[in-house]
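Remarks on the structure that follows.
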Amino acid sequence: MARESIPEPDQPGYPPVLIPEVAVRRRVRELGRGIARAHDARKQDDAQLVLLGVLNGAFMFTADLVRAIDRPAIVDFIRARSYGAARASSGTVTLELPPELDLAGKHVLVVEDVLDTGRTLGAIRDRLAASGAAVIEAVTLLRKPKATVGAEYIGFEIDDRFVVGYGLDEAGRWRHLPYVGYLDDDVR
Ligand code: XMP
Ligand code: MG
């Protein structure tokens, strides 16, 4: 079975588990249901739902979330860079938006993996402010304590530690893990 190729949490050499796979799945389903309900409640304005995933970290969350929302939705991606291979924010955010993206009148949901300082989401909100979108909201799977920019939907509030897995990486590693793990300073 394919499942056998998925690493077991707490294997030697793998990041320890912060949020187990089952908890991630359950929370993503809850978030999806809540977002669907809120979108349905706005049906009168008939706005098309657009999920804007933030690459690369939110690719897995976006894929699971759109299925959990279970409504017709456009899915597109923004590329945001504020981290290189290092674990500390560089402080500047560069954004690449799809050139054909037309958000006028749409219900836009920015899908983030983690809010650390919140600078990335802040830059995205600033950039989308003039897009003509009817609604701009954000969902983040994880939120660290020092985030100053909010998201309408939050999966988990976590401590200020470096997390990997479920799309999140350190220098390209660990994105494939089905759970959220963390890196201690002595783990590379
Ligand atoms: P800011 O500070 O702008 O950071 O909210 C958001 C972006 O930084 C990355 N980030 C992380 N990536 N583990 C990661 O793999 C982490 O613990 C982490 N904290 C922040 C991420 O790309 C996020 O979009
Ligand atoms: Mg990211």
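Both ligands and their constituent atoms are indexed starting at 1 by order of listing.
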Which pairs would a plain distance check flag for residues 151-159, meaning a side-chain donor or acceptor within less than 3.5 Å of a matching protein atom at least two apart in sequence or in another chain?
residue : atom : partner : partner atom : Å
Glu152  : OE1  : Arg125  : NH2          : 2.9
Glu152  : OE1  : Ala138  : N            : 2.8
Glu157  : OE1  : Arg143  : NH1          : 3.1

Please identify which atoms of ligand 1 are closer than 4.0 Å to at least one heavy atom of [X].
{"X": "Lys144", "result": "16 (C), 17 (O), 18 (C), 19 (N)"}
{"X": "Thr117", "result": "1 (P), 2 (O), 3 (O), 5 (O)"}
{"X": "Val114", "result": "6 (C), 10 (N), 11 (C), 18 (C), 19 (N), 20 (C), 21 (C), 23 (C), 24 (O)"}
{"X": "Asp169", "result": "14 (C), 15 (O)"}
{"X": "Arg119", "result": "1 (P), 3 (O), 5 (O)"}

* What do we get for Glu170 next to ligand 1 when only non-hydrogen atoms under 4.0 Å count, side chain, backbone, both or neither? -> neither
* Compare every heavy atom of Tyr14 with every heavy atom of His176, then report the nearest pair and how far apart it is. =>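 So the two residues come closest at NE2-CE2, 4.4 Å.
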* To do: Kindly write out the residues that satisfy side-chain contact (heavy atoms from CB on, under 4.5 Å) with Ser131, not counting sequence neighbours, or none if the list is empty.
  => Leu103, Leu128, Ala133, Ile136
* Below 3.5 angstrom, do we get any N/O pair linking Gly118 and ligand 1? ->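 Right, the criterion is met.
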* Do ligand 1 and Leu115 have nitrogen or oxygen atoms that lie under 3.5 Å from each other? -> no
* **Donor-acceptor contact present, side-chain Thr148 to main-chain Thr117, <3.5 Å** =>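 A pair under 3.5 Å: yes.
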For [X] and ligand 1, answer yes if some heavy atom of the residue is under 4.0 Å from a ligand atom, otherwise no.
{"X": "Glu112", "answer": "yes"}
{"X": "Asp113", "answer": "yes"}
{"X": "Val163", "answer": "yes"}

Do [X] and [Y] have side chains that get closer than 4.5 Å, going by heavy atoms?
{"X": "Val28", "Y": "Phe61", "result": "yes"}
{"X": "Ile19", "Y": "Leu142", "result": "yes"}
{"X": "Glu170", "Y": "Leu183", "result": "yes"}

* Would you please say whether a donor-acceptor pair under 3.5 Å links the side chains of His39 and Arg71? =>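 Note: His39 and Arg71 side chains miss the donor-acceptor criterion.
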